[in-house]
Amino acid sequence: MAAHTTTVAATTVPTAAVPVWADPAHDIDTRVSALIAEMTVEEKIAQLFGVWVGASAEGAEVAPHQHDMEEPADLDALLPAGLGQLTRPFGTAPVDPALGALSLARTQRRIIAANRFGIPAVAHEECLAGFAAWKATAYPVPLSWGATFDPALIRRMAGAIGTDMRSVGVHQGLAPVLDVVRDARWGRVEETIGEDPYLVGTIATAYVQGLESAGVVATLKHFAGYAASRAGRNLAPVAMGPRERADTVLPPFEMAVREGGARSVMHAYTDTDGVPSAADEDLLTGVLRDTWGFGGTVVADYFGIAFLKTLHGVAGSWADAAAAALRAGVDVELPTVKTFGPPLLHAVTTGRVPEELVDRAARRVLRQKAELGLLDVGWSPVPPALEGAGTDDPAALRGTVDLDTPANRELAAQIADRAMVMLSNDGTLPLTGPRSIALVGPHADRPTAVLGCYSFPVHVGAQHPDTPVGINLPTLREALEREFPGARIVTVRGADVDGGDTSGFPDALRAARDADVVVAALGDRAGLFGRGTSGEGCDAGSLALPGVQQDLLDALLDTGTPVVTTLFAGRPYALGRAVDEAAAIVQAFFPGVAGTAAMAGVLSGRTNPSGRLPVSVPRTPGGQPSTYLAARLGLRTDVSSVDPTAAFAFGHGLSYTAFDWGDLTVGNDTSGTDGEFRLAFRLRNTGEREGTEVVQVYLHDPVASVVQPVQRLIGYARVPLRPGESRRLEVTVPADVASFTGLDGRRVVEPGELELRLAASSSDPRLIARVTLTGPARYVDHTRRLHARIDPAAAPPS
């Protein structure tokens with residue numbers, strides 16, 4: 001075969017000299033097999049861990065991160081064998097994005113030069129509410145994504161986040177979170193998409209598609225059951241049966257693997273019925289790979305493998321922990337090397353761990369590197385953002401990379417607008433020409449009130465108080481001043497987010513009595529491990545508003561001035577008297593950089609709210625855990641003094657217009673267990689302004705072989721309508737969506753009667769179709785149909 005040449009950086013390399021594993025002309029499996037055959041055990045193991053680093057603020061190589069749980073890694077000792085991953089080079093300290101990209105590129109050159117195969121590392125970052133880097137756009141948190149009921153918009157957001165990450169050299173993003181809320185006291189509720197598995201699955205799948213479309217590996221977390229910990233405590237044990245896991249916890253992951261194309265999964269910290277997820281072979285291999293066909297990498301949640309020894313007590317040594325995780329199906333130890341380094345190497349060389357398990361994990365890691373182009377001959381560590389710079393001078397590069405573009409901020413604003421949920425309104429909203437507004441509460445003038453725990457300014461910036469936030473965060477006061485330029489706005493904090501200080505009450509009440517309307521700005525402060533009221537490790541004992549905020553709200557209600565209650569929070573809270581007495585309530589779940597403008601837009605009527613609750617808002621702070629996905633005995637009964645009925649139910653949200661639902665037709669009210677039902681109805685905007693109704697389809701199965709939730713979401717669609725406009729919508733409901741895990745542990749579609757509820761929320765059914773499944777019970781698997789489809793009819797809208 002005649003030799004030909006490939007030009008790389010002005011260097012002519014004979015193709016014949018390129019090893020098989022570095023030649024993209026060969027298929028990936030052939031390349032990876034050739035590479036593994038050449039590697040020593042130490043070199044293969046080196047691909048199975050990361051090291052935690054921080055990019056240099058001056059553009060020099062990254063430095064190992066000093067974390068309070070581990071000693072920093074010795075790069076000089078590690079790099080000759082290679083390196084699997086670099087942990088959070090941008091997300092460890094505030095670094096100018098261009099200099100961070102330069103620092104990462106220089107480090108990749110060092111990694112390539114140090115190992116004999118020239119393999120670079122995968123760089124990963126957090127991206128739960130935007131790229132977690134200094135000066136990057138802070139988007140709304142996932143609970144706001146759920147409130148939009150808009151997968152297409154979230155797909156666009158994830159694509160923008162992924163593009164920014166890839167532009168500076170990042171390959172993998174640790175998002176989205178697919179945990180289904182089971183107890184709203186859990187601190188990480190803000191990171192979830194909601195309390196319904198179908199909503200979580202569809203929104204998360206859209207995020208995965210967007211991130212992957214930008215060439216960034218999406219990482220599903222936390223697999224599985226993390227949000228169901230006892231009493232809502234972080235890392236607490238999970239008490240859950242296999243049916244709850246199969247029907248509530250796993251479906252979002254299943255959907256994101258099958259329809260989203262996710263290439264990575266992160267195991268959960270928790271243990272379920274005594275088995276830690278990091279050591280659960282049935283879960284990580286049996287379900288994920290053997291059943292669903294997942295072919296990507298499983299990565300450890302940070303320090304999760306070591307926790308098998310230190311927290312779970314199922315491993316007696318670091319080697320035992322490494323062996324258990326590797327055997328279960330964990331491929332990469334993060335954030336830094338602890339168990340997959342010398343302990344695993346010693347266990348393999350002494351015969352305690354089969355080398356085949358190392359090969360299995362290394363094959364998955366190297367396959368992913370090949371997919372990312374990292375094994376290709378001539379791969380350049382220079383990321384797209386620096387390709388046209390023409391210099392590697394830090395002084396010249398500083399400030400040249402923009403991760404908070406106008407396009408990003410406009411996209412963040414669209415999401416914030418669609419995520420605003422108007423819970424109640426007695427007609428006070430929209431505010432029209434108020435002369436005076438008393439803006440009262442801890443979030444009245446607090447820039448970071450809109451940010452969640454995993455936003456960079458909170459997650460990292462809080463440790464660097466002398467460093468500017470890096471992005472523009474207008475306060476609610478500033479937003480209201482722009483929205484109502486003719487009003488006199490008196491701003492009084494009144495109280496802190498938490499704590500018991502009520503000394504600010506008198507000034508707050510005086511301002512309230514003198515105003516036309518009060519805007520109460522309440523909610524959470526995001527933080528980590530007890531340094532906030534919401535966020536990782538910031539669990540709540542009850543769902544009462546933190547601190548003395550409920551007392552402040554009650555006192556404001558007593559003034560007689562109309563009180564518009566606004567909430568910037570990471571979880572739903574019971575609001576006491578305000579549910580019935582507030583003039584209006586508008587809920588925002590940490591809505592990001594444009595959040596205060598979005599809130600002001602709803603208050604003024606500039607925006608017609610269309611958000612819907614992704615989690616129920618409780619009427620009382622106790623009685624937890626409780627979600628709308630309850631069986632009959634989980635609802636209000638005569639045999640318990642605790643009433644778990646929500647003040648505002650899942651899917652609820654008001655608009656400034658009204659919608660009429662009618663003319664339901666049922667194409668067929670019977671179907672075989674392998675068929676589908678077809679419905680149609682008319683939706684009309686009967687109000688005087690354009691608005692969006694969120695059509696929700698719920699399934700009620702009155703008789704089943706095992707206890708079922710009274711209802712569960714199986715489909716939804718946002719339907720925008722002009723004043724007076726109507727549209728006929730067709731709904732197709734496959735029998736597969738009625739499946740559940742039966743008595744024998746298999747997923748089954750049973751014959752019998754069903755109710756299909758076309759609803760404005762889980763508590764507001766507008767039309768009901770009673771249908772019947774006929775024929776034999778039918779068993780289905782992960783290839784079943786997952787969605788009820790809602791489409792406009794062929795006829796044009798009227």
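Note that the structure is a prediction, hence the values are computed from the model and not measured.
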For the backbone of [Y] and the side chain of [X], can you confirm whether one donor and one acceptor N or O come within less than 3.5 Å of each other?
| X | Y | value |
| --- | --- | --- |
| E725 | R684 | no |
| D150 | L153 | yes |
| R188 | D179 | no |
| T448 | L451 | no |
| Q587 | P572 | no |

Quick one: do [X] and [Y] make a salt bridge, cutoff under 4.0 Å?
| X | Y | value |
| --- | --- | --- |
| R619 | D580 | yes |
| R682 | D660 | yes |
| E481 | R477 | yes |
| R722 | E690 | no |
| D445 | R493 | no |

State, to 0.1 Å, how close [X] and [Y] come at their nearest heavy-atom pair, and which atoms those are.
| X | Y | answer |
| --- | --- | --- |
| G194 | V200 | O-CG2, 3.5 Å |
| G523 | A569 | CA-CB, 4.3 Å |
| G452 | V458 | O-CB, 3.5 Å |
| A413 | A594 | CA-CB, 3.5 Å |

**Message:** I'd like to know whether CZ of R718 has more than 12 heavy-atom contacts from other residues, nucleotides or ligands below 6.0 angstrom.
**Reply:**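 It does: R718 CZ has more than 12 such atoms within range.
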**Asked** Quick one: CD1 on I161 to CG on L128, what's the gap to the nearest 0.5 Å?
**Response**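 Between atom CD1 of I161 and atom CG of L128 there are 9.0 Å.
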**Asked** From H443 NE2 over to D496 CG, what is the distance, rounded to the nearest 0.5 angstrom?
**Response**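 Atom-to-atom, H443:NE2 and D496:CG are 10.5 Å apart.
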Using a distance-only test with no angle check, is there a side-chain donor-acceptor pair under 3.5 angstrom linking [X] and [Y]?
| X | Y | answer |
| --- | --- | --- |
| R612 | Y716 | no |
| N685 | T657 | yes |
| N425 | Y656 | no |

Any non-hydrogen side-chain atom of [X] less than 4.5 Å from a side-chain atom of [Y]?
| X | Y | result |
| --- | --- | --- |
| Y226 | N234 | yes |
| L528 | C453 | yes |
| L683 | W661 | yes |
| M157 | Y207 | yes |

**Item:** Aromatic centroids of Y139 and W145 separated by under 6.0 Å
**Value:**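 Ring-ring flag for W145/Y139: false, centres at least 6.0 Å apart.
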**Request:** Please name all residues satisfying side-chain contact (heavy atoms from CB on, under 4.5 Å) with E581, sequence neighbours left out, ordered by chain then number.
**Result:**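 Partners of E581 under the side-chain contact (heavy atoms from CB on, under 4.5 Å) test: L557, R577.
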**Message:** Does the plane of the ring in Y628 sit parallel, tilted or perpendicular to the ring in F650? Use 30° and 60° as the thresholds.
**Reply:**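 Answer is parallel, since the angle falls under 30°.
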**Message:** If we check side chain to side chain contact (heavy atoms under 4.5 Å, CB included) with P252, which of these qualifies: I203, L178, V177, T192?
**Reply:**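 When side chain to side chain contact (heavy atoms under 4.5 Å, CB included) is applied between P252 and each of I203, L178, V177, T192, only L178 qualifies.
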